[in-house]
Asker: 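My questions will all concern the structure given below.
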Amino acid sequence: MHSIAVLTSGGDAPGMNAAIRAVVRAGIYNGCKVYGVYQGFEGLIAGQLKEMSLGSVADIIHRGGTILRTSRSQAFMTPEGREKAKANLDAAGIGNLVIIGGNGSLKGALEISRLGINTIGIPASIDNDVVYTRSIGFDSAVNTALDAINRIRDTASSHGRVFIIQVMGHSCGELALFAGVAGGAESILIPEIEPDFDQIALKIENGLKRGKLHSILVVAEGAYPVMELQTIIQEKTGQDTRITILGHVQRGGTPTAVDRIMASCMGKAAVDCILDGRVNMMISGVEEKTHAIPLGEVVKGTHTPELNILEIARILST
Ligand code: F6P
């Protein structure tokens with residue numbers, strides 16, 4: 001009989017609960033013992049493990065956050081911390097670990113796999129910064145940001161203002177890109193591309209000339225400091241420019257259907273990997289289509305946003 005531990009790590013993302021549910025239910029269905037690890041890698045080091053039942057994941061598929069809680073563990077970055085985590089798994093007779101999290105968490109997954117624990121990663125991050133896959137939580141965060149953009153558009157039009165809307169994404173601009181395109185933003189600033197302030201100002205001025213009542217700039221948090229951007233835009237265009245920082249609002253809330261489906265399929269696929277003896281993999285995919293790729297490949301790459309979408313945004317916002 002296989003024993004599996006499951007944990008969530010790093011920034012929470014809507015759909016993590018659906019993924020936990022899928023791992024627990026698919027594991028138990030296949031005769032495995034499944035343990036939940038509380039508080040991510042911190043909890044693994046502290047030995048905070050509890051055996052899960054079918055009922056312990058009831059009524060969570062629709063809930064944001066993570067019932068297992070999460071952490072950004074400094075201790076797990078040390079060899080001593082990882083050895084302690086491995087010792088706790090060994091003591092409980094657990095040979096398989098499913099880690100649900102973003103880029104940093106999957107790097108941690110590879111590290112512990114090197115100590116002899118079969119580790120399966122499930123990508124979950126509102127930033128969508130994991131390479132070769134869509135991440136659980138991204139779709140929900142895009143929709144949350146979009147809802148905010150729609151609301152801001154109302155007030156921006158009423159007052160004839162420029163709005164700078166900062167979304168999350170410290171090093172990956174995909175959330176800004178998708179929310180900006182879906183929200184019809186005039187300009188989208190992402191960390192991967194140097195901003196062209198003259199071009200941004202020109203777009204605002206062209207909009208004004210054809211009677212546009214507002215302008216929306218969607219800015220990833222890692223792209224440019226929004227206060228400085230506000231000053232630049234005001235100086236270049238003379239327009240009343242306001243800032244809205246969406247922040248952690250984007251991390252919470254009920255997951256979309258897309259995220260729940262992805263989480264369900266990825267969770268089941270993670271258990272399938274364990275049953276099939278495919279070790280140290282990450283489940284990748286979009287929506288219901290999943291496949292397993294070696295964890296070692298994942299941590300080598302960096303996710304590049306779909307820049308063709310930026311080009312579409314540029315053309316459509318002229
Ligand atoms: O990694 C996801 C993310 O939401 C980033 O976009 C953001 O920079 C960061 O987490 C914020 O993390 P914390 O909640 O730890 O401040």
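One-based numbering, in listed order, for ligands and for the atoms of each. The structure displayed is predicted, hence computed values, not measured ones.
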Asker: Say whether Ser317 and Lys203, considering side chains only, have a donor N or O and an acceptor N or O under 3.5 Å apart.
Answerer: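 Yes.
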
Asker: Do Arg114 and Thr119 pair up side chain to side chain, a donor and an acceptor below 3.5 Å, judged on atom types alone?
Answerer: no

Asker: With a cutoff of 4.0 Å, is His248 in contact with ligand 1, counting heavy atoms of the residue only?
Answerer: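 The answer is yes: ligand 1 sits under 4.0 Å from a heavy atom of His248.
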
Asker: Verify the distance criterion only: is there a donor paired with an acceptor across the side chains of Ser73 and Glu42 at less than 3.5 Å?
Answerer: yes

Asker: Classify the side-chain pair Asp139/Thr256 by whether it contains a donor and acceptor separated by less than 3.5 Å.
Answerer: yes

Asker: Checking a contact table here: which protein heavy atom is nearest atom 12 (O) of ligand 1, and how many Å away?
Answerer: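 Ranking protein heavy atoms by distance from atom 12 (O) of ligand 1, first comes Arg72 NH2, 2.9 Å.
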
Asker: Among all protein heavy atoms, pick out the one at the shortest distance from atom 8 (O) of ligand 1; state its residue, atom name and that distance to 0.1 Å.
Answerer: Glu221 OE2, 2.4 Å

Asker: May I ask you to decide whether Glu83 forms a salt bridge with Lys86, counting only side-chain N to carboxylate O separations under 4.0 Å?
Answerer: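 Here Glu83 does not pair with Lys86 in a salt bridge, since their nearest N and O are not under 4.0 Å apart.
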
Asker: If you measure every N/O of Arg251 against every N/O of ligand 1, is any gap under 3.5 Å?
Answerer: yes

Asker: Specify the protein heavy atom at minimum distance from atom 2 (C) of ligand 1: its residue, its atom name, and the distance to 0.1 Å.
Answerer: Asp127 OD2, 3.3 Å

Asker: Under 4.0 Å between a side-chain nitrogen and a carboxylate oxygen: does that hold for Glu287 and Arg134?
Answerer: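 No, this pair does not count.
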
Asker: Can a non-hydrogen atom of Gly102 be found less than 4.0 Å from any atom of ligand 1?
Answerer: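 Gly102: no contact with ligand 1 (<4.0 Å).
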
Asker: Could you tell me, atom by atom, which parts of ligand 1 come under 4.0 Å of a heavy atom of Gly169?
Answerer: 6 (O)

